[in-house]
Amino acid sequence: MFPRHTSTVKQDQSFLDQTTRRVGRNHYMTKRTFGVIGLAVMGENLALNVESRGFPIAVYNRTASKTEEFMKTRAQGKDVKAAYSLEEFVQILERPRKILVMVKAGAPVDYVIEDLKPLLEEGDMIIDGGNSLYEDTERRTKDLESTGLGFVGMGVSGGEEGALNGPSLMPGGTKAAYEELEPILTKIAAQVDDGPCVTFVGPGGAGHYVKMVHNGIEYGDMQLIAEAYDIMKNAMGLSNQELHEVFKEWNTTDELNSFLIEITADIFKYVDPDSNKHLVDLILDSAGQKGTGRWTVVSSLELGVPIPTMYAAVNARVMSSYKEERKAASQQLTGPEIKFDGDKKAFINKVRDALYCSKMCSYAQGMALIAKASAEYYNNQVSLPESARIWKGGCIIRAGFLDKIKKAFVDNPNLPNLLLAPEFKQTILDRQDAWREVLILANQVGIAVPAFSSSLDYFDSYRRADLPQNLTQAQRDYFGAHTYERVDKPRGESFHTEWAA
Ligand code: 6PG
């Protein structure tokens with residue numbers, strides 16, 4: 001099935017290939033089509049999703065009580081068979097075995113793989129559905145493929161609800177393993193007008209790479225929404241009820257219609273039953289992060305792709321976590337006392353435009369990063385239109401405008417940057433004045449808008465033929481003889497000057 005180079009995988013277990021197995025005296029059990037290891041909420045929900053599409057499943061969890069609990073509750077009456085050892089688990093799976101591992105990213109994934117490896121046979125496959133670092137996935141794919149097993153590192157987005165009813169799936173790794181899995185994955189994924197939100201992303205760690213960028217974009221989107229909120233609340237004085245209405249209205253627009261805008265509208269109307277206050281106002285302004293946003297930034301630095309909006313979003317979370325220090329500083333470092341006194345309704349529309357322009361820049365950065373990674377790491381096999389398409393449904397960044405992104409790269413596969421696609425270009429040109437006005441207000445009243453600003457900086461840097469790095473080059477040459485190129489000489493020729501002479 002898959003190329004096999006070593007003999008670490010068990011070979012002769014043909015008795016396990018029967019589709020049924022005798023259990024007890026006269027009872028035959030159908031072999032399970034799909035197995036899930038790890039019954040935390042995402043594992044449980046994906047298992048139930050697979051079962052609900054008509055596939056008999058097997059489940060295993062390291063702590064048996066968790067499995068028992070699942071079997072007594074959510075799995076009750078479903079076509080689910082529990083196993084209480086890995087040996088039993090692999091024996092009740094039909095071949096080639098398809099095993100989804102849903103454990104904490106990092107070392108636990110390796111432990112499960114090491115335990116499973118000696119029990120599996122050539123052609124069997126392991127799917128890692130956690131938020132694993134793409135480099136780990138690369139290593140695991142190589143390792144498992146060299147033993148004749150398949151490995152699929154699969155980004156899964158959509159949270160608990162998505163996992164149960166239809167997530168966006170970003171599988172990469174062993175292509176032959178994906179082909180075996182495709183009939184199942186296409187059924188459990190979210191369904192949109194142009195198909196299920198799943199595709200074979202590419203070899204090695206490509207699936208987890210695209211999931212990582214999805215999360216970087218998610219960080220960017222969330223920070224941009226937070227900045228729009230900050231301006232409308234703290235500069236313009238909108239109440240939670242007004243904010244609810246604004247976001248609800250934005251969610252009906254072509255540009256901003258999205259899951260994150262929709263839940264933001266919901267959040268502003270939620271009243272805490274204990275205190276009778278809006279819950280959002282009671283939540284500590286210190287944001288957590290599990291690392292995928294940071295990984296995106298690290299990778300962009302390694303690949304040399306500017307993603308300032310996402311970097312700003314990661315930094316904003318970090319800065320927010322300095323709560324006590326900020327509280328103390330706020331007593332000493334004062335800002336301007338200016339308040340907004342213009343036409344609120346008109347300015348809200350400008351904030352909307354600023355949000356949309358910034359969002360376009362953020363997605364332009366994300367797509368550019370995927371394109372570079374595809375070229376550098378994945379033999380150009382990661383498709384930009386497909387990446388946008390599988391994000392149209394199920395995932396956290398699902399949004400109406402992803403269809404336009406898909407179309408932009410279908411219409412021009414060599415598009416150097418999303419901002420140059422005719423539709424995006426015209427929109428950003430039409431709205432840039434509003435965008436700049438919003439940033440001016442934020443600066444005047446002293447509200448930090450790092451993601452809005454870095455998006456505009458991205459736009460202003462990308463659209464200018466001349467940047468001030470001629471001076472940077474002169475300085476580098478001055479202090480370190482690093483040489484420079486000249487605009488009046490052919491590219492590639494280096495010059496050095498004895499500046500101090
Ligand atoms: C998804 C999400 C999910 C992620 C959370 C939390 O696509 O369903 O990206 O995978 O774990 O959003 O991420 P942070 O803790 O880093 O905010």
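We count ligands from 1, going down the list as the structure has it; atoms in each ligand are counted the same way. All of these numbers come straight from a predicted model, not from anything done at the bench. Values below: every heavy atom of this structure, side chains too, minus hydrogens, waters and symmetry copies.
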Gly158 N/O to ligand 1 N/O under 3.5 Å
yes
Quick check against the 3.5 Å criterion: does Glu227 have a side-chain atom that pairs as donor or acceptor with the backbone of Met222?
no
Flag the pair Ile37 / Leu100 as yes when at least one side-chain heavy-atom distance between them is below 4.5 Å, and no otherwise.
no
Who gets closest to atom 1 (C) of ligand 1 by heavy atom: Ser157, Gly291, Gly155?
Ser157
For Met125, which of Leu149, Leu181, Thr174, Leu120 qualifies under side-chain contact (heavy atoms from CB on, under 4.5 Å)?
Leu181
Please confirm whether the ring centroid of Trp295 lies under 6.0 Å from the ring centroid of Tyr134.
no
Do Lys66 and Glu44 meet the salt-bridge criterion of a basic N to acidic O distance under 4.0 Å?
yes
Measure the distance from atom 11 (O) of ligand 1 to every protein heavy atom, then report the residue, atom name and distance (to 0.1 Å) of the closest one.
Asn131 ND2, 3.3 Å
Does Arg326 pair with Asp285 as a salt bridge, N-O distance under 4.0 Å?
yes
Is the closest heavy-atom distance from Met222 to ligand 1 below 4.0 Å?
no
His214: numbered ligand 1 atoms lying under 4.0 Å from its heavy atoms:
7 (O)
Where the closest heavy atom to atom 17 (O) of ligand 1 is concerned, which of Arg317, Glu218, Glu161, Arg398 has it?
Arg317
Sidechain N-carboxylate O distance under 4.0 Å for Arg389, Glu386:
yes
Contact check, Gly159 vs ligand 1, heavy-atom distance below 4.0 Å
yes
Short list, please: which atoms of ligand 1 are under 4.0 Å from a heavy atom of Ile396?
1 (C), 2 (C), 7 (O), 8 (O)
Ligand 1 N/O within reach of Gln289 N/O, cut-off under 3.5 Å:
no
Mind checking the CG-NZ spacing from Asp110 to Lys117? Nearest 0.5 Å is all I need.
9.5 Å
Of all the non-hydrogen atoms in the protein, which one sits nearest to atom 6 (C) of ligand 1, and at what distance?
Lys290 NZ, 3.6 Å
I need the nearest protein heavy-atom contact for atom 16 (O) of ligand 1: residue, atom name and distance, please.
Tyr219 OH, 2.5 Å
